[in-house]
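Reckoned from all heavy atoms, side chains included, excluding hydrogens, waters and symmetry mates.
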Protein chains: 2
Amino acid sequence: MQNLKRSMNRLQAMELFVSAVREGSFSAAGRRVGLSPASVSRYIGELEAQLGVQLLNRSTRHLGLTDAGKIFFQRTEQVLHGIEDAEAAALSLQTAPRGTLRVHSRTLFGIKVLSLLIPGFQKLYPELKVELRLSERHALLREDEFDVDFQIQAPKDPGLMQRRLLRSERILVASPDYVRRMPKLREPEDITRHNCLTYWMGPDDVVWKFMRRNRLREIVVPSSFSSNNGVVLSDLAAAGHGIALLDDYTVAEEVKSGRLIRLLPGFRVTNSSFDEGIYAAFLQSSYLPEKIRVFLDYMAENVPKQIKRSAQ
Amino acid sequence: MQNLKRSMNRLQAMELFVSAVREGSFSAAGRRVGLSPASVSRYIGELEAQLGVQLLNRSTRHLGLTDAGKIFFQRTEQVLHGIEDAEAAALSLQTAPRGTLRVHSRTLFGIKVLSLLIPGFQKLYPELKVELRLSERHALLREDEFDVDFQIQAPKDPGLMQRRLLRSERILVASPDYVRRMPKLREPEDITRHNCLTYWMGPDDVVWKFMRRNRLREIVVPSSFSSNNGVVLSDLAAAGHGIALLDDYTVAEEVKSGRLIRLLPGFRVTNSSFDEGIYAAFLQSSYLPEKIRVFLDYMAENVPKQIKRSAQ
DNA sequence: TCGATCTTTTCAGATTCTGCAAAGGACATG
DNA sequence: CATGTCCTTTGCAGAATCTGAAAAGATCGA
């Protein structure tokens, strides 16, 4: 690999050489590509000088190829086709939904939602292969070479972009029976006199955050029971054992049927961040490959539907 | 064929893309070709912009190829090889060999043989320039960019090809006077009782190897005098000072005239390897440039003649 | 946390690229 | 033979691209 600093535009010279041979003169070639005959003459002269080979016999009426020029012409045509092919192949992968889609998600979301939706997606795009990887650990999109990772929070890595598929919030719920038996809950601070069923997040105190009119209140919550499974918490709450904080879509059916009542409806509540939902994260890119775009579009349309369907 | 007026140096961008992928970073690619990381970054960014395709996922420690980037890399490697082939093919067919021929040889062979032959060669090919470099060190054809190196042994580097210009062997010689005064030499082991004039090859013991009917005998030789100049050794031997081991063609005249007598003529003898002669080594290539071919042809015809001429 | 290495962007100077104009050549036509 | 048309080549001056340095921010490993 030699020094490339300020090197002559060799590819342009080769293109002009091929064009001059095809058109029969430097002037005609120049007219095709928007250059003057003088420029064409200079490029082809420079090409010959660098090669140290005479490619053309010039006259004002006839352009003749030397033997060396003939073989160089053939080979150069092939090279130029090779370049077009390379560009077309790359562009095709960019603009057509083809190739392999590498997707990561948490286990439960993958099993409950993605595995149900992906077959429908692949029916639409049969040339796309999908690899679905599930785990509880955070995916590294760049290093592990995933195209899309589904997360429950907006990604924080500056090199990532996200698309929100579903907006969710957390709500406080309890059974009608629990509400009748226990003191009325008017303010967030009243929660400390209640039995809370909390989501297990580690050995620390459990803090629930209440937001209303841009006023944030953080309350350390007494926890008589905790679990890392939302279904368990939902069931205990419906059975009248206490107050639980759960994602709205996970208890939509119970709230609708009246088995669970929402408490403090004027507050937004969370045990982590308010900005929650289901996000698809992907690498930032000037040119998003079509395969990723169609996948995201499909999921944006169908994940909410699938979750509603689950709630009925 | 689109407008080529002031188009970006696309070939350079492609070369840099391939180099960046191979080297693992823009900075390393730039170091190879003499450009700054900033320039490399700009070229590859421009390549992506023109294609409308993301080829690379950048981070400061890891350069990852997209799917489109992978296929573009493969195709682009082929294109670059195609360009080299086109150039080499044209060069091999040029009717008048032109350019500069860079030749290396050991000092004595260069002075005594090549300097006498090259003017005749250049009279045949006046458009060829010749650079002749002489030294005792081994030439690196690839790195030092020589076209031809004259060596006294067949080259061992697998990337080199060779053409044997002259077969030679080494012979033991002494003057008739020395032979009459000293004990008869019947076997190789008898040499240890003689005065040996040796070619200086370093501070180690001098070993002469004797081969007869596939039986090798290696003898550590007593050396009362050593020199790295064959003419000196030849003269001392002719003056009766001892036995010398010399290339046959260098003492052909003396042996013919009887001023030197060959000893142990039934043995092949050497102080290094038996496979000796004068070889022209050159880089392996699909298409041998004409300038090298005509030079080798000329030398293959004229080196043996020149050596015979010297011997008369 | 710090240091080393990396990529990206901006700026000003260096170099290449460009058409115009002039000169000369090769034909075809009258 | 003279003329016209089209061609290639070369030198010149202006336009555009290319370049590294500097600064900023990112990513690891010790």
Side-chain angles (χ1 to χ4, degrees), chain A residues 3-17 19-50 54-66 69 138 140-144 155-161 283-286, chain B residues 2-17 19-50 54-66 69:
Chain A
N3 194 305
L4 288 184
K5 188 178 286 190
R6 291 196 181 276
S7 55
M8 185 265 280
N9 197 332
R10 244 187 329 160
L11 184 54
Q12 178 150 347
M14 290 162 80
E15 283 171 327
L16 289 169
F17 169 70
S19 186
V21 172
R22 284 190 187 140
E23 304 291 330
S25 78
F26 291 178
S27 304
R31 285 193 291 273
R32 277 197 78 99
V33 303
L35 285 178
S36 71
S39 291
V40 176
S41 173
R42 277 188 295 249
Y43 268 109
I44 293 174
E46 190 63 29
L47 183 61
E48 286 173 318
Q50 291 203 355
Q54 181 98 356
L55 299 171
L56 294 168
N57 295 314
R58 292 136 165 102
S59 80
T60 57
R61 289 301 177 97
H62 181 253
L63 207 45
L65 280 167
T66 65
H138 218 47
L140 303 172
L141 272 92
R142 198 172 281 111
E143 290 84 345
D144 299 336
K156 299 204 174 57
D157 186 331
L160 296 191
M161 302 190 70
L283 285 177
Q284 193 170 16
S285 167
S286 303
Chain B
Q2 75 281 39
N3 193 305
L4 287 185
K5 189 177 287 190
R6 294 200 178 271
S7 54
M8 184 265 283
N9 198 333
R10 240 188 329 159
L11 183 54
Q12 180 151 347
M14 289 161 80
E15 282 171 327
L16 288 170
F17 168 71
S19 187
V21 173
R22 285 193 188 137
E23 305 289 331
S25 76
F26 292 176
S27 303
R31 286 193 293 269
R32 276 197 80 97
V33 303
L35 285 179
S36 70
S39 290
V40 177
S41 175
R42 277 191 296 257
Y43 268 109
I44 293 174
E46 190 62 29
L47 182 62
E48 286 175 319
Q50 292 204 358
Q54 184 96 0
L55 299 172
L56 293 167
N57 293 315
R58 290 122 159 115
S59 77
T60 58
R61 290 302 179 97
H62 182 254
L63 204 50
L65 280 166
T66 64

Distance, rounded to the nearest Å, where [X] contributes [atom1] and [N] contributes [atom2]:
| X | N | atom1 | atom2 | result |
| --- | --- | --- | --- | --- |
| E23(A) | dC7(D) | CD | C1' | 15 Å |
| F17(B) | dT7(C) | CZ | C1' | 16 Å |
| H62(B) | dT5(C) | NE2 | C1' | 16 Å |
| Q54(A) | dT8(D) | CD | C1' | 13 Å |
| L55(A) | dT8(D) | CG | C1' | 16 Å |
| L56(B) | dC6(C) | CG | P | 15 Å |
| L63(B) | dC6(C) | CG | P | 11 Å |
| I44(A) | dT10(D) | CD1 | C1' | 16 Å |

To the closest 0.5 Å, what do you measure between [atom1] ([X]) and [atom2] ([Y])?
| X | Y | atom1 | atom2 | value |
| --- | --- | --- | --- | --- |
| S25(A) | R31(A) | OG | CZ | 5.5 Å |
| M161(A) | L283(A) | CE | CG | 11.0 Å |
| R32(A) | L4(B) | CZ | CG | 11.0 Å |

Does a nitrogen or oxygen in the side chain of S27(B) sit under 4.0 Å from OP1 or OP2 of dT7(C)?
->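 So the side-chain polar atoms of S27(B) do come within 4.0 Å of the phosphate oxygens OP1 or OP2 of dT7(C), strictly under.
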Just to confirm, is there a sub-4.0 Å distance from OP1 or OP2 of dT17(D) to any side-chain nitrogen or oxygen of R10(B)?
->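 Checking R10(B) against dT17(D): no side-chain N or O falls below 4.0 Å of OP1 or OP2.
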Grab the two heavy atoms, one from N9(A) and one from M8(B), that are nearest each other, plus how far apart they are.
->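 Of all heavy-atom pairs spanning N9(A) and M8(B), the closest is ND2-O, 3.7 Å.
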Its contact letters, B for base, S for sugar-phosphate only and - for none at protein heavy atoms under 4.0 Å, make nucleotides 16-26 of chain C read -BBBB---BBB
Flag, side chain of Q12(A) to backbone of M14(A), donor-acceptor distance under 3.5 Å |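 No.
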Mark yes or no for whether T66(A), through its side chain, and L55(A), through its backbone, hold a donor-acceptor pair below 3.5 Å.
->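 Such a contact is found between T66(A) side chain and L55(A) backbone.
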